[in-house]
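Chain identifiers are assigned alphabetically (A, B, ...) following the order of the sequence lines, protein sequences preceding nucleic acid strands; residue numbering begins at 1 within each chain. Note: hydrogens, waters and symmetry copies are ignored here, and every other heavy atom, side chains too, is used.
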2 protein chains.
Amino acid sequence: MSHTPVGIRQTQKLRTRQALLDAALALLEHQSLSSLGLREVTRAAGVTPTAFYRHFEDTAALGVALVEETLGSLHGLIAAVLTETGDSEERLDRSVAVIARHVGAQPAHFRFIAREQHGGVGPVRAAIAAQLRRFAEEVACALGQESGAAGWSEEDLLMLGGLYVDHMVITTSTLLEAGPEGEAEVVRVARRRLRLVTIGRAHWLDEG
Amino acid sequence: MSHTPVGIRQTQKLRTRQALLDAALALLEHQSLSSLGLREVTRAAGVTPTAFYRHFEDTAALGVALVEETLGSLHGLIAAVLTETGDSEERLDRSVAVIARHVGAQPAHFRFIAREQHGGVGPVRAAIAAQLRRFAEEVACALGQESGAAGWSEEDLLMLGGLYVDHMVITTSTLLEAGPEGEAEVVRVARRRLRLVTIGRAHWLDEG
DNA sequence: CCGTTCGGAGTACGAGTGTTCACTGACTCA
DNA sequence: TGAGTCAGTGAACACTCGTACTCCGAACGG
């Protein structure tokens with residue numbers, strides 16, 4: 001992939017950068033980015049305030065980096081799940097399960113995304129929107145290669161992809177609100193919702 | 001309704017209270033509640049910081065009041081639109097139109113809701129969640145009285161009501177992001193999404 | 001009419017904020 | 001090996017912040 005220089009200096013710099021990101025993410029569990037202080041982050045990361053500027057210009061820039069870290073590695077994953085074999089019911093269950101697993105594994109990251117998707121920091125909002133748009137396009141592309149997609153316009157595929165992605169985001173934040181003990185119920189409802197959408201999809205061309 | 005005492009004192013108090021709410025709402029256009037300062041609000045409202053405490057304990061309490069102001073008056077409205085006569089296509093268009101009109105009329109209020117729905121202030125999140133749950137129940141109730149609702153379990157009606165409400169919220173924030181010039185396109189896509197859900201609804205019992 | 005209530009003003013305090021500057025010392029590389 | 005680079009330090013800057021006081025004066029109620 002990208003060049004990963006092994007200089008002691010570079011690695012140490014990356015280590016501090018990651019410490020800042022981790023500290024910020026931990027603090028963002030109970031507040032939003034626009035109220036996150038630069039000093040607050042550096043204190044939690046065990047670094048002086050000035051060191052922050054070696055890595056990020058703003059707390060906003062740090063937020064954008066967090067967006068990349070969270071969503072950047074997810075591309076292709078959803079599309080992959082959708083293109084796996086199995087009937088639509090199976091694929092549906094698997095999609096929801098994948099989401100639940102990821103959210104359970106790194107809740108702080110997804111809480112951050114849910115919170116800042118409409119949050120007060122413009123650049124971060126834009127970064128999230130861009131990533132979600134890419135997801136929608138990927139899903140639309142995957143759907144377009146299915147057998148049932150004959151006769152669907154590109155616009156409608158994008159509409160459907162966006163619907164799935166938005167539903168994925170909603171499910172994510174609902175999972176976070178419910179906590180581990182409420183997960184099963186949330187998954188149940190999410191599956192039903194997806195099934196309803198799938199049924200609508202199957203009959204879309206009948207009544208378009 | 002509620003008692004509205006006409007004392008000079010009471011009215012003046014309500015006036016400043018409203019000034020605080022309006023000032024806060026204006027400031028919240030470009031930031032989120034958790035970064036909103038008490039002094040900032042009072043400065044914009046033209047009062048001293050100490051006066052704030054006569055009306056709200058916190059900025060969080062002010063946020064809850066804003067939630068009530070925005071969503072409290074909307075109850076019954078959606079259900080009313082849904083129970084009006086006309087075929088499902090008409091009702092669907094009317095629902096989207098009503099949303100677009102409300103968002104266009106008071107964008108700041110709805111931006112606030114979208115932003116704080118997953119924001120960093122717990123009590124406000126809870127207040128919004130409670131209101132949205134009420135909406136979902138109202139929609140579910142309205143749907144239950146339609147002719148096509150025979151055979152639907154109460155749980156599935158609630159699932160569907162929640163789906164509609166969540167979609168309403170998404171549409172709202174998408175409208176806000178798009179601005180007035182992008183409104184037509186957003187409305188187009190929102191209508192299509194709703195139509196797909198409606199189709200799924202019509203065939204729900206066939207394949208349940 | 002007069003004592004009480006109370007919304008709001010004014011002042012002051014300590015704590016925390018973002019940003020700047022000169023500096024240090026370990027790493028880099030010719 | 002020696003000059004240069006640069007991630008991170010520490011002190012200081014000028015703010016803003018939330019909150020606790022005391023006090024004023026207009027509106028209230030008996």
Measuring from atom [atom1] of [X] to atom [atom2] of [Y], what distance do you get when rounded to the nearest 0.5 angstrom?
{"X": "B/Leu25", "Y": "B/Leu62", "atom1": "CG", "atom2": "CG", "answer": "9.5 Å"}
{"X": "B/Leu176", "Y": "B/Ile113", "atom1": "CG", "atom2": "CD1", "answer": "11.0 Å"}
{"X": "B/Arg201", "Y": "B/Leu157", "atom1": "CZ", "atom2": "CG", "answer": "9.0 Å"}
{"X": "A/Phe112", "Y": "A/Gln117", "atom1": "CZ", "atom2": "CD", "answer": "11.5 Å"}

Measure from the side-chain heavy atoms of A/Ile8 and tell me the nearest of D/dA7, D/dT9, C/dC27.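 Ranking D/dA7, D/dT9, C/dC27 by closest atom to the A/Ile8 side chain puts C/dC27 first.
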Kindly point out which of C/dT19, C/dT28, C/dG8 is positioned nearest to the side chain of A/Tyr53?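 Nearest listed nucleotide: C/dT19.
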Is [X] reaching over with its side chain to a backbone N or O of [Y], donor-acceptor style, under 3.5 angstrom?
{"X": "A/Arg39", "Y": "A/Pro49", "value": "no"}
{"X": "A/Arg115", "Y": "B/His118", "value": "yes"}
{"X": "A/Glu116", "Y": "A/Val124", "value": "no"}
{"X": "A/Glu138", "Y": "A/Gly76", "value": "yes"}

Taking the side chain as C-beta and beyond, is there a heavy-atom pair between [X] and [Y] under 4.5 Å?
{"X": "B/Thr171", "Y": "B/Leu194", "value": "no"}
{"X": "A/Arg9", "Y": "A/Lys13", "value": "no"}
{"X": "A/Tyr53", "Y": "A/Thr42", "value": "no"}
{"X": "B/Cys141", "Y": "B/Gln145", "value": "yes"}

Neighbours of DNA chain C within residues 17-26 of chain A, by heavy-atom distance under 4.0 Å: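 The stretch gives none, as no residue of it lies under 4.0 Å from the strand.
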Looking at DNA chain C, which of residues 56-68 of chain B put a heavy atom within less than 4.0 Å of it?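 Close to the strand, none.
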Review item, side-chain donor-acceptor pairs of residues 96-106 of chain A, under 3.5 Å, at least two apart:
{"unit_1": "A/His102", "atom_1": "ND1", "unit_2": "A/Val98", "atom_2": "O", "d": "3.2"}

Taking atom [atom2] of [N] as reference, at what distance in whole Å does atom [atom1] of [X] sit?
{"X": "A/Gln10", "N": "C/dC27", "atom1": "CD", "atom2": "C1'", "result": "11 Å"}
{"X": "B/Gln12", "N": "D/dA27", "atom1": "CD", "atom2": "C1'", "result": "11 Å"}
{"X": "A/Arg15", "N": "D/dC6", "atom1": "CZ", "atom2": "P", "result": "20 Å"}
{"X": "B/Phe52", "N": "D/dT19", "atom1": "CZ", "atom2": "P", "result": "9 Å"}

For nucleotides 11-17 of chain D, give me every protein contact, N/O to N/O, under 3.5 Å, one pair per line with atom names.
{"unit_1": "D/dC17", "atom_1": "OP2", "unit_2": "B/Arg43", "atom_2": "NH2", "d": "2.3"}

Which angle, to the nearest 10 degrees, lies between the helix axes at the two ends of the helix from C/dC1-D/dG30 to C/dA30-D/dT1, each defined by five pairs?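 End axes: 30° apart.
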For A/Gln18 and A/Glu69: C-alpha separation, side-chain torsions, deciding distance, then whether side-chain hydrogen bond (donor to acceptor under 3.5 Å, both in side chains) applies. CA-CA 10 Å; A/Gln18 195 58 46; A/Glu69 185 180 71; 2.9 Å; yes
Residues B/Glu185, B/Arg188: salt bridge by 4.0 Å N-O rule: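 Yes, B/Glu185 and B/Arg188 are salt-bridged.
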Please determine whether a side-chain nitrogen of the Lys or Arg among B/Glu29 and B/Arg111 lies less than 4.0 Å from a carboxylate oxygen of the Asp or Glu.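 Salt bridge between B/Glu29 and B/Arg111, a charged N being under 4.0 Å from a carboxylate O: yes.
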Taking N or O atoms only and anything under 3.5 Å, show me the protein contacts with nucleotides 22-26 of chain D, one pair per line.
{"unit_1": "D/dA26", "atom_1": "N3", "unit_2": "B/Arg9", "atom_2": "NH2", "d": "3.4"}

